[in-house]
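First up is the structure itself, then whatever we jot down about it.
Since the model is a prediction, treat every value here as computed from it, not as a measurement. Just the heavy atoms: all of them, side chains too, but no hydrogens, waters or symmetry mates, feed the values below. Just follow the structure's listing: the first ligand is 1, and inside any ligand the first atom is 1.
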Amino acid sequence: MKIVKTVSEIREIIKEWRKAGYSIGLVPTMGYLHAGHGSLIKQSVKNNDKTVVSVFVNPTQFGPNEDLEKYPRDIKRDSELVQSLGGDIIFNPEPEEMYKKNNATTVKVEVLSQKLCGVTRPIHFAGVCQVVSKLFNIVTPDNAYFGLKDFQQYVIINKMVEDLNFPVKINPCAIVREESGLALSSRNVYLTDEERKSALSLNQSLRYAKSLISSGEKRASFIIDEITKIINNVPYSKIDYVKIVDIDTLDDIDTVENRYAVLLAVYIGKTRLIDNFAELS
Ligand code: AMP
């Protein structure tokens with residue numbers, strides 16, 4: 001396993017891999033890897049000859065008052081995990097390597113990027129699409145792996161790939177949770193012990209919503225109210241949004257039938273957490 005810092009070096013390696021006829025999987029991450037990232041890496045290693053894990057805290061997807069500076073980083077631990085899972089390369093460029101001073105090109109998936117998380121994070125998805133397009137052009141993967149934990153991101157990346165004809169297959173990966181039900185996230189390290197207890201309300205409310213839907217409840221507004229009550233009932237919580245949407249348009253729906261997602265964004269103290277469950281068929 002090798003850590004590569006420059007675009008030119010990774011391009012050389014990819015050229016050799018292509019000559020040898022290898023298939024390539026890409027797992028884009030911001031590092032501080034956990035078992036959620038690990039499940040994406042495992043799928044890539046299983047289904048491709050070579051796996052590149054990018055570790056890059058992308059400045060263009062952070063708003064001015066967000067946590068870019070304090071976002072956790074530990075490349076040594078990340079490389080141990082990637083090595084142990086059979087990944088071949090960590091691509092870990094510095095921001096100056098990815099973005100030249102006169103960078104002028106952005107990639108914006110209209111409409112979908114303005115909904116849900118896009119309301120409080122208006123530039124976020126343009127930054128994500130910009131860096132993911134660059135990674136696709138640099139690594140030229142056959143397969144790329146994205147977690148359903150970031151459900152809106154998954155929908156937007158699919159749209160971008162379709163609209164811009166990127167020759168890559170996007171593979172969705174299930175949400176990995178702690179035994180407590182809390183979805184794994186690099187940002188969980190920000191939580192105090194007390195906040196962590198409150199954070200369990202996200203998954204608890206989603207599980208309750210799932211049980212309501214399984215027993216025949218179809219009214220989105222009723223389900224949203226029940227979720228809201230559970231989350232508002234714990235200390236330190238402040239809801240950003242609770243939504244039930246169509247999975248293609250991300251528009252709100254009134255009646256829960258098929259192809260829907262129940263999505264939450266909640267501040268626990270100062271930490272903004274997201275979680276969801278989706279019915280993709
Ligand atoms: P991040 O490092 O947070 O940008 O995440 C990199 C990739 O890992 C994204 O595709 C995420 O959706 C995915 N991911 C993060 N947390 C989880 C999780 N708990 N389960 C599954 N995938 C995850």
Region of L33 engaging ligand 1 - heavy atom pairs below 4.0 Å: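 The answer is neither.
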Ring pair (Phe, Tyr, Trp, His ring centres under 6.0 Å) involving Y260 - partner list, sequence neighbours excluded: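 Ring pair (Phe, Tyr, Trp, His ring centres under 6.0 Å) list for Y260, sorted by chain: empty.
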Residues that H124 engages under ring pair (Phe, Tyr, Trp, His ring centres under 6.0 Å), provided they are two or more places apart: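 Partners of H124 by the ring pair (Phe, Tyr, Trp, His ring centres under 6.0 Å) criterion come out as none, since no residue qualifies.
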Any donor-acceptor N/O pair, E80 side chain to R77 backbone, under 3.5 Å: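 No, the answer is negative, given that no donor and acceptor are paired below the 3.5 Å cut-off.
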Please identify which atoms of ligand 1 are closer than 4.0 Å to at least one heavy atom of [X].
X: L40; value: 7 (C), 8 (O), 10 (O), 13 (C), 22 (N)
X: I175; value: 20 (N), 21 (C)
X: M30; value: 1 (P), 2 (O), 4 (O)
X: A174; value: 20 (N), 21 (C)
X: L184; value: 16 (N), 17 (C), 18 (C), 19 (N)
X: P28; value: 6 (C), 7 (C)

Protein contact to atom 23 (C) of ligand 1 [nearest heavy atom, distance to 0.1 Å]: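 Of every protein heavy atom, K149 CB, 4.0 Å lies nearest to atom 23 (C) of ligand 1.
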Heavy atom of the protein closest to atom 20 (N) of ligand 1 (residue, atom name, distance):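 In this structure, atom 20 (N) of ligand 1 has V176 N, 2.8 Å as its nearest protein heavy atom.
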Lys/Arg cation over aromatic Y32: R73, 6.0 Å, 45° cone: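 R73 over Y32 ring: no.
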Six-ring centre of Y190, K270 cation under 6.0 angstrom, axis tolerance 45°: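 No cation-pi geometry.
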Close approach of Q153 to ligand 1, heavy atoms, under 4.0 angstrom: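 Yes.
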Close approach, H34 and ligand 1, non-hydrogen under 4.0 angstrom: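 Flag set, H34 near ligand 1.
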Shared hydrophobic cluster for L68 and I123 (ILVMFWY, side-chain gaps under 4.5 Å):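 Different hydrophobic clusters.
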Gap separating the NZ atom of K100 from the CE atom of M98, nearest 0.5 angstrom: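 Reported to 0.5 Å precision, the distance equals 10.0 Å.
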Atom pair CZ (R11) and CZ (R18), whose distance is rounded to the nearest 0.5 Å: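 Output value for this atom pair is 13.0 Å.
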Quick one: does [X] get an N or O within less than 3.5 Å of an N or O on ligand 1?
X: D150; result: yes
X: G147; result: yes
X: H37; result: yes

F146-Y154 aromatic ring centre distance below 6.0 Å: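 No, they do not, as the ring centres are separated by 6.0 Å or more.
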